[in-house]
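A quick write-up on the structure given underneath.
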Amino acid sequence: MEKQKNIMEIDTVALDDENSAIVIIDQTKLPYETTLISLTTQEEIWNAIYLLQVRGAPAIGVTAAFGIYLAAKQIEKDESVHTYIEFIERWIKAKDYLNTSRPTAVNLSWALNRMQRICEQNAEKPLKQIVTLLHDEAVEIQEEDIRVCKAIGEYGLSLVKPGDGLLTHCNAGQLATSKYGTATAPMYLGHERGYHFRIFADETRPLLQGARLTAYELQSSGLDVTLICDNMSATVMRNGWVNAVFVGCDRVAANGDTANKIGTSVVATVAKRYNIPVYICAPTSTIDMSTPTGDQIHIEERPAHEITEMWYKERMAPEGVKVFNPAFDVTDHDLIAGIITEYGIARAPYIESLKAIFHQKTQENQ
Ligand code: MRU
């Protein structure tokens with residue numbers, strides 16, 4: 001009998017090209033059930049993103065890239081499609097549809113736009129070849145994600161010392177990316193190098209990504225992780241148990257304002273009170289220089305039952321009560337000690353330092 005794989009050995013998102021499918025770990029079932037699901041239709045891919053079966057900004061981007069490649073493959077096979085114009089019209093419809101699955105993580109549109117550029121730059125080529133190029137680009141987006149997370153891990157690790165207490169919110173771990181995670185990358189690299197961090201994971205209401213995913217993946221990898229409720233972060237900080245906060249992000253605006261899982265701004269506000277630095281771990285794919293400030297970031301609102309009923313044996317709130325359920329909040333840039341990208345650490349003023357990061361990116365990719 002095949003030995004049950006450790007969760008960390010399973011790809012968060014994998015392309016099964018032979019069966020024209022994307023295989024994901026259904027994250028809504030973790031930690032108690034490790035179920036792999038195979039997504040073949042665009043509707044299944046859309047639903048998997050919307051329902052958070054696959055989640056976390058980079059993993060959403062990778063799923064979208066594979067998804068829109070599969071759409072291209074299917075459109076090209078359709079015998080009624082002969083020309084680039086016929087192909088691209090249908091492809092753009094599929095792209096626009098996938099792009100509506102979740103609004104806040106900019107990696108979704110970033111990955112889809114990157115795939116569109118491949119179509120546009122190769123419009124003269126045979127459709128079959130365009131499909132192959134889309135395949136290669138999607139695979140590159142995934143491989144790049146691994147390199148990016150590793151680089152963020154190295155920069156993050158340079159900010160802390162062995163034995164430090166680190167706090168994180170939500171899951172910006174391997175389950176949210178292709179490997180290492182972003183906020184967890186310094187933790188994993190530190191663990192490999194004997195840093196013995198003490199990690200606090202917020203449970204992250206209402207969908208419990210911290211309890212179900214972060215605590216699970218860190219524990220599975222042998223890290224020292226302690227689960228706390230969201231309202232306990234002030235206590236562990238006041239006790240002097242936290243030296244730094246590392247969190248991920250779904251969209252960073254040009255001025256450094258950062259949208260991340262709801263509750264991040266509370267953590268950052270409390271951390272400021274206790275002089276604890278808050279670092280945003282941000283692949284450049286999550287930095288949106290076309291959004292000037294956090295005020296322009298579209299914050300996703302999710303259904304009421306996620307708060308009133310989900311995870312409970314019976315409903316825990318009165319029927320008919322009004323519910324406000326934003327999935328993300330904006331942490332103001334003045335609460336952020338640094339934005340860790342794969343090109344280095346941006347410091348305030350972010351308007352300048354983020355521009356410099358993109359300048360460096362352009363130069364290094366020339
Ligand atoms: O709603 P989710 O679970 O997709 O929210 C995820 C987060 O907020 C993560 O912190 C963010 O996407 C960064 S993942 C590296």
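Quick note: numbers below take in every heavy atom, side chains included, and nothing from hydrogens, waters or symmetry partners. Order of appearance sets the numbers: ligands from 1, and atoms from 1 within every ligand.
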Are [X] and [Y] within salt-bridge range, i.e. N to O under 4.0 Å?
X: Glu76; Y: Arg90; value: no
X: Asp96; Y: Lys93; value: no
X: Glu300; Y: Arg102; value: yes
X: Arg251; Y: Asp288; value: yes

Whether [X] lies under 4.0 Å from ligand 1, heavy atom:
X: Ala105; answer: no
X: Ala327; answer: no
X: Asn171; answer: yes
X: Cys170; answer: yes

Taking only heavy atoms of [X], which atoms of ligand 1 are found under 4.0 Å from at least one of them?
X: Gly56; value: 4 (O), 12 (O), 14 (S)
X: Phe328; value: 1 (O), 5 (O), 8 (O)
X: Ala176; value: 14 (S), 15 (C)
X: Ala57; value: 12 (O), 14 (S)
X: Cys249; value: 11 (C), 12 (O), 13 (C)
X: Gln209; value: 1 (O), 2 (P), 3 (O)

Give the residue and atom name of whichever protein heavy atom lies nearest to [atom], and the separation in Å to one decimal.
atom: atom 9 (C) of ligand 1; value: Asn260 OD1, 3.4 Å
atom: atom 5 (O) of ligand 1; value: Lys261 CE, 3.3 Å
atom: atom 6 (C) of ligand 1; value: Arg55 NH2, 3.5 Å

(request) Look at the aromatic rings of Phe87 and Trp91 and report parallel, tilted or perpendicular, splitting at 30° and 60°. (result) parallel
(message) Over 60° means perpendicular and under 30° means parallel, so tell me whether Trp241 and Phe200 are parallel, tilted or perpendicular.
(response) parallel
Could an N or O of ligand 1 be found under 3.5 Å from any N or O of [X], whether backbone or side chain?
X: Thr182; value: no
X: Arg102; value: yes
X: Ala172; value: no
X: His169; value: no

(request) Answer side chain, backbone, both or neither: which part of Pro58 comes under 4.0 Å from ligand 1, heavy atoms only. (result)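 The part of Pro58 near ligand 1 is the side chain, not the backbone.
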If we only count heavy atoms from C-beta on, is the [X] to [Y] side-chain gap below 4.5 Å?
X: Tyr84; Y: Cys119; result: yes
X: Gln116; Y: Asn113; result: yes
X: Cys170; Y: Arg55; result: yes

(message) Please state which option from Asp250, Thr204, Leu52 has its nearest heavy atom closest to atom 11 (C) of ligand 1.
(response) Asp250
(request) Could you tell me whether Arg238 atom CZ has more than 12 heavy atoms of other residues or ligands within 6.0 Å of it? (result) no
(message) Checking side-chain polar atoms at under 3.5 Å, does Thr104 have a donor or acceptor matched by the opposite partner on Asp250?
(response) no
(message) Between Lys73 and Asp17 (side chain of the first, backbone of the second, donor and acceptor by atom type, cut-off under 3.5 Å), is there such a pair?
(response)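 Indeed, once roles are kept as given, a pair shorter than 3.5 Å links the two residues.
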